[in-house]
Amino acid sequence: MGKHLTGIILLTIATLTYSCADPSTNKNKATVGTAQQESNSPKPAGAEVLMISPENSRVEFVASKVTRSHNGSFKQFSGQIELAPNSIPASRVAIDIDTGSVVADDNDLTAHLKTPDFFDVAKFPKATFASARIEPGTAGGDNYTITGNFDLHGVKKSISFPATVKVAPESVAVDAEFAINRKDFAIIYAGKADDLIRDGVVIKLSLKVPRRK
């Protein structure tokens with residue numbers, strides 16, 4: 001009995017030692033709901049159209065399993081910001097992501113992420129986001145809440161997340177870091193029985209798009 005108890009204690013210590021913290025725990029959680037009717041309205045009057053590209057922006061994520069976390073990113077994407085004159089809330093942002101360009105911090109994981117267990121890039125080669133509204137955040141200043149339709153893995157839902165938006169004479173910067181639940185988008189692969197994958201995934205957007213002079 002004593003040896004059995006000692007074994008349990010050692011196993012518990014080992015589990016705690018080799019487990020990692022969930023990186024999504026302390027991040028803002030995106031609000032997820034039913035996809036909204038998309039507007040075909042023309043761009044805001046007098047809007048500047050600024051082009052998002054891998055040369056000026058980053059689309060990254062952090063996911064984890066019991067034993068460790070992994071950093072990833074998408075290397076190919078395009079999009080645009082329609083910057084309304086003197087009005088961030090009247091502006092719009094949209095981005096198309098090539099899911100086959102996913103890269104992780106482990107070569108085997110990079111290959112696995114492209115399979116039907118995760119992004120299934122052969123079936124779903126694109127992920128897209130198009131904003132429906134941009135609202136001032138409760139903290140004021142450069143803080144906003146961006147809401148729009150996110151289409152990932154063949155599932156389209158409305159998401160809302162906090163972001164900072166800064167308009168300068170030379171560029172527009174949009175930065176956001178928030179968590180989503182991968183199962184909301186039908187990515188349900190559990191992982192190994194002794195190394196389960198967590199549901200929360202941190203999305204990190206860093207856009208710094210130059211303005212035409």
Nearest heavy-atom approach of Pro85 to Ala45 is CD-O, 3.4 Å
Taken in chain and number order and not counting sequence neighbours, the residues that satisfy side chain to side chain contact (heavy atoms under 4.5 Å, CB included) with Ala132 are Gln36
request  = Assess the pair Phe161 and Phe129: is the distance between their ring centroids shorter than 6.0 Å?
outcome  = yes
- Query: Less than 4.5 Å apart, any side-chain heavy atom of Lys204 and any of Arg58?
  - Reply: no
Practice task
Could you tell me whether the side chain of Arg198 and the main chain of Ser64 form a donor-acceptor pair under 3.5 Å?
Solution key: no
Q.
Donor-acceptor check, side chain of Arg212 to backbone of Val49, threshold 3.5 angstrom: yes or no?
A. yes
In this structure, CZ of Arg133 is separated from OG of Ser91 (nearest 0.5 Å) by 15.5 Å
*Asn56 side chain to Met51 main-chain N or O, any donor-acceptor pair under 3.5 Å?*
yes
Of all heavy-atom pairs linking Gln76 and Ser101, the shortest is N-OG, 3.0 Å
Residues passing the salt bridge (charged side-chain N to carboxylate O under 4.0 Å, His left out) test with Asp195, sequence neighbours excluded, are Lys65
- Query: Do Val102 and Phe61 pass the side chain to side chain contact (heavy atoms under 4.5 Å, CB included) test, and can you show the C-alpha distance, the side-chain angles, and the key distance before you say yes or no?
  - Reply: CA-CA 10 Å; Val102 65; Phe61 61 90; 3.8 Å; yes
So ring-ring contact (aromatic ring centres under 6.0 Å, His included) across residues 82-115, not counting sequence neighbours, yields His112-Phe118, His112-Tyr189
For Ala90, the side chain to side chain contact (heavy atoms under 4.5 Å, CB included) test, sequence neighbours excluded, returns Ala84, Ser87
> Taking a hydrophobic cluster as the set of Ile, Leu, Val, Met, Phe, Trp and Tyr residues connected by side-chain heavy atoms closer than 4.5 Å, whether directly or through intermediates, do Val103 and Phe77 fall within one such cluster?
Replying inline: no
Separation between CD1 (Ile81) and CD1 (Ile95), nearest 0.5 Å, reads 9.0 Å
Side chain to side chain contact (heavy atoms under 4.5 Å, CB included) filter on Ala35, not counting sequence neighbours, yields Asn149, Lys156
What I'd like to find out is whether the side chain of Val165 reaches to under 4.5 Å of the side chain of Asp142, using heavy atoms alone. no
Smallest heavy-atom separation, Phe74 atom then Ile97 atom, equals CG-CG2, 3.5 Å
CG (Asp184) and NE2 (His153) are apart, to the nearest 0.5 Å, by 13.0 Å
Checking Thr147 side chain against Ser160 main chain: does a donor-acceptor pair fall under 3.5 Å? no
Those residues at least two apart in sequence (or on a different chain) that pass side chain to side chain donor-acceptor pair (under 3.5 Å) with Lys166 are none
task: May I have the step-by-step check of side chain to side chain contact (heavy atoms under 4.5 Å, CB included) for Leu205 and Val59, ending in yes or no?
output: CA-CA 5 Å; Leu205 303 176; Val59 179; 4.0 Å; yes
_Distance alone, cut at 3.5 Å: any donor-acceptor contact between the side chains of Lys208 and Ser206?_
no
Looking only at heavy atoms, the pair that brings Val201 and Ala63 closest together is CG2-CB, 4.3 Å
So CD1 of Ile159 and CG of Asp151: to nearest 0.5 Å the spacing works out to 11.0 Å
Using a 4.5 Å side-chain heavy-atom cut-off and chaining through intermediate ILVMFWY residues, the residues clustered with Ile188 come out as none
Across all chains, not counting sequence neighbours, the side chain to side chain contact (heavy atoms under 4.5 Å, CB included) partners of Val121 are Thr99, Lys114, Phe119
| field | Shared hydrophobic cluster, Phe150 / Phe124 (ILVMFWY, side-chain heavy atoms < 4.5 Å) | value | no
Checklist line | Donor-acceptor pair, side chain of Thr110 and main chain of Ala104, under 3.5 angstrom | finding: yes
Rounded to the nearest 0.5 Å, the CD atom of Glu82 sits from the CG atom of Leu50 at a distance of 9.5 Å
Grouping ILVMFWY residues whenever side-chain heavy atoms fall under 4.5 Å, the cluster of Val202 otherwise contains Val62
Checklist entry - Does one hydrophobic cluster hold both Ile197 and Val66, with members joined at side-chain heavy-atom distances below 4.5 Å? => result no
Output for pair (Asp22 CG, Lys27 NZ), nearest 0.5 Å, gives 11.0 Å
So does Lys29 have more than 12 non-hydrogen atoms from other groups sitting under 6.0 Å from NZ?
yes
Residue pairs meeting ring-ring contact (aromatic ring centres under 6.0 Å, His included), one or both in residues 21-46, sequence neighbours left out, come to none
Tightest non-hydrogen contact, residues Phe178 and Ala30, listed as CD1-CB, 3.7 Å
Practice prompt. Answer yes if Leu196 and Leu109 sit in the same cluster of Ile, Leu, Val, Met, Phe, Trp and Tyr residues linked by side chain heavy atoms under 4.5 Å apart, and no otherwise.
Written response: no
So salt bridge (charged side-chain N to carboxylate O under 4.0 Å, His left out) across residues 116-126, not counting sequence neighbours, yields none
Ignoring hydrogens and angles, tell me if any N or O in the side chain of Ser131 forms a donor-acceptor pair with the backbone of Val93 under 3.5 Å. yes
Going through the checks in order, is the side chain to side chain contact (heavy atoms under 4.5 Å, CB included) test met by Ile52 and Val174? CA-CA 11 Å; Ile52 299 167; Val174 181; over 6 Å; no
Contacts of Asp105 meeting salt bridge (charged side-chain N to carboxylate O under 4.0 Å, His left out) (sequence neighbours excluded), chain-then-number -> Arg68
